[in-house]
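Have a look at the structure below before the remarks.
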Amino acid sequence: MEEKRNESLNFIEEIIEEDLKTGKWSKIYTRFPPEPNGYLHIGHAKSICLNFGIKEKYKGKCNLRFDDTNPSKEDVEYVNSIMEDVRWLGFEWDRLCYASDYFDQLYEWAVMLIKEGKAYVDKQSPEEISRQRTTPTELGIESPYRYTSPEENLKLFEEMRMGLHPEGSMVLRAKIDMNSPNMHMRDPIMYRIIKKPHDRTGDKWCIYPMYDYAHGQSDYIEGITHSICTLEFEVHRPLYDWFLDQIDKTGKRPRQIEFARLNVSYTVMSKRKLLELVTNKIVSGWDDPRMPTISGLRRRGYTPESIRNFAERIGVAKRDNLIDVGLLEYFIREDLNKKANRVMAVLNPLKVVITNYPEGQTEYLEAINNPEDPSAGTRKVSFSREIYIEKDDFMENPPKKYFRLQPGGEVRLRWAYFIKCEEVIKDEKGEIVELRCTYDPLSKGGQSPDGRKVKGTIHWVNANDCIESELRLYDRLFTKENLDDLAEDENYTDYLNPESLVIVNAKLEKTLVSAKPGNTFQFERKGYFCVDKDSTTEKLVFNRTVTLKDSWAKIISNETE
RNA sequence: UGUCCGAUGGUGUAAUGGUAGCACUGCAGAUUUUGGUUCUGCCUGUCUAGGUUCGAAUCCUAGUCGGACAACCA
């Protein structure tokens, strides 16, 4: 397809096009650099779409790089889930990299800095080092070890590497500027001792580089041209550049560019909070369909296309943002509307007996699978004298403009017949338990035999062969729109939505017996549902991905307000 | 009373000194065998005050508001 012209660029694309134009770079190279200490979420999806999107747009390259510099926090479980999620979103990396692949090189460069007098070993406690850094408004205090000779530092650093010193007893620091207004420049720590085996390097190292030292150098080693990260790293940029200054004299080196992270209303995005939800069993796991994780969204029934469209639409800028979760819902509806076959499911059943329909008779009626996609074809749904309809679809004393079933009223059964309510049967408590209706044999298929108008069309299932299933109705996890906007004495968990998961039993049309985990359907008039992996041969379990828009519900709720 | 970053409808995001546009939301209507989809129309915006300019969302100055930074996390 021809690429659209006059398409506006985001500020990062502008930088890239400028670099291409001036010849600074002829080929663009980006990277997505997660730390394997948690599952990816929709915010990461934004970053993935950005980095891999640039690769595709400018015919460049993009690496997946695990920022695995802290073995005390990281785990292979996360490595695998991250690779799965990136691929599921539809992207393939040019190289699979690990920061740990560069530990030897990083060590050599550190030795070089020590020899040049630009790094030193500090034997003070973490508390002391922190205290000497003071606050941004005051000058810092130099460490008594700041002017140790390179020879002594070399010896000490080698001892650190060999494991001769306990964790926390010393660190390697870059000698930069203790008076910098930027705290990150006040002799930042380059290496610390962690006596833990690493998933990839095993017992080879007991010193590990810090993010600031490892990240830019890793970018440099891989030939990254544009190192895109989130805004909180903006203050790190001088440090990023300082480390690169030490090893690169050519100027051909990566440029760090920061953009605003994604925030979505009614959910949390920090890995720490997400981990809390999992470990405190507030959700069933990282892939709980209420989680904003990629795996959660996938299980919920979101498609990669819908997430990519969402990422495209929200744009990339530097101002803080809070995206309405409704926008995400818009994109999944848009995608599923085209793709999902329609079926009928009754969530809250009310029995209907069609008194003039022959007892014992079953017939099969043709139903269109997807009006938006003729190639989806048709199916046959069974019909008989006894059916179930939705309780909501009958009202004894309806308000104005209610055009579903009512006493003496006529309604169309989707793909079947017009029926008219003749009698309402109640139990001793006055609850409606059954409806007696008559049908018009001439209205088969739902066609009007004489041109008469029937405004309402409702869904139904055949009472004789419908199948039972469990439906998990999900709603937003939190009741507060902006969970970063909390009073001092509040916690985000104060706003957990007690109704974020409601489980109901539903009756489904028989054609669904062959549905498999991952399959998505539109339950007509109810929403999009996908088969969950918890399904068994006895019982199907569905997750509600999202409801359909419901303008009737809106009218009702507006009137009752 | 630090440094850095940011500020355009309800929410996002364009306009790169020259008509403030697009999407979502909301509202109204049309179509409809899903109160779905689709289609049409409408509402709502440049943080404030100065300055530069024929002309400012855009450039300058000051202010206001918001965010990030003081982990041996990334």
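In what follows, chains are A, B, ... by sequence order, proteins preceding strands, each numbered from 1.
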Using a 4.0 Å heavy-atom cut-off, write out nucleotides 69-74 of chain B from 5' to 3' as B (base contacted by protein), S (sugar-phosphate only) or - (no contact). SBSBSB
Check: A:N321 main-chain N/O paired with A:N263 side-chain donor or acceptor under 3.5 Å: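 Judged by distance alone, yes, a pair lies under 3.5 Å.
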Check: A:V346 main-chain N/O paired with A:H459 side-chain donor or acceptor under 3.5 Å: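 A pair under 3.5 Å: no.
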Checking all strands, does [X] fall into the base, sugar-phosphate, or nothing category for heavy-atom contacts under 4.0 angstrom?
X      : result
A:R237 : nothing
A:V316 : sugar-phosphate
A:Y402 : base
A:P238 : nothing

Under a plain distance cut-off of 3.5 Å, with no hydrogens placed, do [Y] and [X] share a side-chain donor-acceptor pair?
X      : Y      : result
A:Y266 : A:E481 : no
A:T134 : A:R186 : yes
A:E138 : A:T135 : yes

Convert the base pairs of RNA chain B into dot-bracket notation, remembering that pairs crossing earlier ones are written with [ ] and that bases paired across to another strand are shown as |; include only Watson-Crick or G-U pairs under 3.5 Å. .((((((..((((....[..)))).(((((.......)))))....(((((..]....))))))))))).....
Taking only side-chain N and O atoms of [X], does any of them lie within less than 4.0 angstrom of OP1 or OP2 on [N]?
X      : N     : answer
A:K549 : B:U34 : no
A:R313 : B:C24 : no
A:K526 : B:G36 : no

In residues 318-343 of chain A, which ones come under 4.0 Å of RNA chain B, going by heavy atoms?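 Within this stretch, A:K318, A:R319, A:D320, A:N321, A:L322, A:I323, A:D324, A:L327, A:Y330, A:N337, A:R342 sit under 4.0 Å of the strand.
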Does A:E481 contact B:G10 through a side-chain donor or acceptor facing the base, at a distance under 3.5 Å?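 Between B:G10 and A:E481, which were checked side chain against base, a qualifying N/O pair under 3.5 Å is absent.
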I'd like to know if A:E372 reaches the base of B:U38 with its side chain, counting only an N/O donor and acceptor under 3.5 Å.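 Checked by distance alone, the answer is no.
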Got a salt bridge between A:R131 and A:E127, using NZ or NE/NH1/NH2 to carboxylate O under 4.0 Å?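 Here A:R131 does not pair with A:E127 in a salt bridge, since their nearest N and O are not under 4.0 Å apart.
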Begin with the C-alpha distance, continue with both residues' side-chain angles, and end with the deciding distance and a verdict on salt bridge (Lys or Arg N to Asp or Glu O under 4.0 Å) for A:R161 and A:E158. CA-CA 5 Å; A:R161 188 187 65 78; A:E158 176 65 7; 2.7 Å; yes
Could you please spell out the steps behind the side-chain hydrogen bond (donor to acceptor under 3.5 Å, both in side chains) verdict for A:E258 and A:Q256? CA-CA 7 Å; A:E258 312 85 10; A:Q256 176 178 306; 3.1 Å; yes
Hey, which sits more toward the 5' end of RNA chain B by its nearest nucleotide, A:G315 or A:Q447?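 Checking each residue's closest nucleotide, the 5'-ward one belongs to A:G315.
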